Amino acid sequence: MQHSQQYELVDEFLALFREDAIYTAPHGRILTGLAEIAEFTRRVLPGAMENATVTYELIDVLFIRPDVAAVKLKGQHYTLDGKPDGHPNSPLYVMSKENGKWLLTACQGTFQLYPEFDIPSRIPPAPETVEAG
């Protein structure tokens with residue numbers, strides 16, 4: 001998600017979704033099905049990062065079943081000089097594993113109006129790599 005948005009890669013972004021996905025954008029726009037998500041994305045993604053960038057931090061993953069997961073993220077847009085641009089967002093993505101690939105199935109993008117109520121990540125940090133020798 002982050003890579004496709006940062007580099008405005010519409011096709012890469014759309015490849016993340018199931019055909020029947022539902023998506024609520026952070027501003028509240030409700031999109032149903034890949035065709036509707038694609039029409040919206042082709043209008044808004046090109047040029048969106050001209051004066052900004054976006055990052056996402058993984059907060060938590062709940063495996064509902066081995067092939068279905070709820071993924072909680074924290075996102076933030078930044079100006080090109082690294083200053084936060086607007087409110088952070090706190091998306092929740094339900095993903096399903098289809099033919100070995102994880103796809104976005106139901107997505108809710110929500111602005112986080114009160115960052116002071118932030119929830120720390122429950123994902124343990126990656127272990128540091130130590131080179132042998």
Side-chain angles (χ1 to χ4, degrees):
M1 181 67 73
Q2 177 176 302
H3 181 266
S4 63
Q5 287 186 357
Q6 284 180 340
Y7 294 97
E8 301 178 358
L9 302 172
V10 172
D11 291 334
E12 180 179 295
F13 180 83
L14 295 173
L16 300 172
F17 291 88
R18 278 175 42 133
E19 194 70 33
D20 58 352
I22 55 174
Y23 178 64
T24 303
H27 291 87
R29 178 81 183 260
I30 299 168
L31 306 164
T32 304
L34 187 56
E36 205 169 283
I37 295 167
E39 188 276 327
F40 177 78
T41 302
R42 291 186 198 292
R43 278 191 297 118
V44 301
L45 187 54
M49 296 293 118
E50 184 177 337
N51 296 309
T53 192
V54 64
T55 62
Y56 290 99
E57 176 187 351
L58 181 62
I59 300 298
D60 206 351
V61 177
L62 170 64
F63 284 94
I64 300 163
R65 298 188 326 219
D67 61 340
V68 177
V71 180
K72 189 64 181 167
L73 302 166
K74 180 170 51 175
Q76 177 67 60
H77 283 81
Y78 293 93
T79 62
L80 294 179
D81 60 358
K83 295 179 184 166
D85 184 16
H87 291 290
N89 60 59
S90 182
L92 175 65
Y93 299 148
V94 176
M95 301 183 76
S96 59
K97 196 170 189 180
E98 310 285 336
N99 298 318
K101 182 178 178 182
W102 286 97
L103 296 175
L104 297 167
T105 303
C107 309
Q108 174 71 44
T110 304
F111 282 120
Q112 186 178 349
L113 298 180
Y114 303 100
E116 62 270 23
F117 299 131
D118 201 11
I119 298 171
S121 175
R122 292 181 23 180
I123 304 297
E128 292 185 33
T129 57
V130 179
E131 292 186 29

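All heavy atoms count here, side chains included; hydrogens, waters and symmetry mates do not. Position 1 is the first residue of the sequence, and the numbers go up from there. The structure displayed is predicted, hence computed values, not measured ones.
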Does any non-hydrogen side-chain atom of Pro46 lie less than 4.5 Å from one of Val10?
yes
How close do Met95 and Trp102 get, heavy atom to heavy atom, and via which atoms?
O-CZ3, 3.7 Å
Interatomic distance, CG@Leu34 vs CG@Asp20, rounded to 0.5 Å, equals 9.5 Å
So Phe63 and Val68, side-chain contact (heavy atoms from CB on, under 4.5 Å) or not? Walk me through it.
CA-CA 6 Å; Phe63 284 94; Val68 177; over 6 Å; no
Give, for atom OH of Tyr7 and atom OG1 of Thr53, the distance between the pair rounded to the nearest 0.5 Å.
7.5 Å
Heavy-atom donor-acceptor pair, Glu36 side chain to Thr32 backbone, under 3.5 Å:
yes
Between Thr105 and Ser96, the two heavy atoms sitting closest are OG1-OG, 2.9 Å
State, with a plain yes or no, whether a side-chain heavy atom of Glu19 is found less than 4.5 Å away from one of Leu103.
no
pair Ile22-Leu31: side-chain heavy atoms closer than 4.5 Å
no
Take Tyr56 and Gln5 through the test side chain to side chain donor-acceptor pair (under 3.5 Å) and record every step on the way to the result.
CA-CA 10 Å; Tyr56 290 99; Gln5 287 186 357; 2.8 Å; yes
Heavy-atom distance under 4.5 Å between the side chains of Leu14 and Ile37, does that happen here?
yes
At what distance, to the nearest 0.5 angstrom, does OH of Tyr78 lie from CD of Gln6?
11.0 Å
Between Leu58 and Val61, the two heavy atoms sitting closest are CD1-CG2, 3.8 Å
First locate atom OG1 of Thr41, then atom CG of Leu9, and finally report the distance between them rounded to the nearest 0.5 Å.
12.5 Å
Residue pair Ile59 / Lys74: nearest heavy atoms and the distance that separates them
CG1-N, 3.8 Å
Hey, any chance Val44 and Val54 share a hydrophobic cluster, counting ILVMFWY side chains that come within less than 4.5 Å of each other, even indirectly?
yes
Can you find a heavy atom in the side chain of Lys72 that is under 4.5 Å from one in the side chain of Ser90?
yes
Under 3.5 Å, is there a donor-acceptor pair between the side chain of Glu8 and the main chain of Met49?
yes
Treating Thr24 as the side-chain partner and Gly28 as the backbone partner, does any N or O pair qualify as donor plus acceptor under 3.5 Å?
no
Arg42/Asp11 ion pair, N-O < 4.0 Å
yes
Spacing of Glu12 atom CD and His3 atom NE2 [to the nearest 0.5 Å]:
5.5 Å
Any link between Tyr23 and Val94 through a network of hydrophobic side chains (Ile, Leu, Val, Met, Phe, Trp, Tyr) touching at under 4.5 Å?
no
Exercise: identify the closest heavy-atom pair between Leu45 and Ser4:
CD2-O, 3.9 Å
Has Asp81 got more than 12 heavy atoms of other residues, nucleotides or ligands less than 6.0 Å from its CG?
yes
Say you draw a straight line from CE of Met1 to OG1 of Thr55; how long is it, rounded to the nearest 0.5 Å?
13.5 Å
Nearest atoms (heavy-atom pairs only) where Gln76 meets Asp85:
NE2-N, 3.6 Å
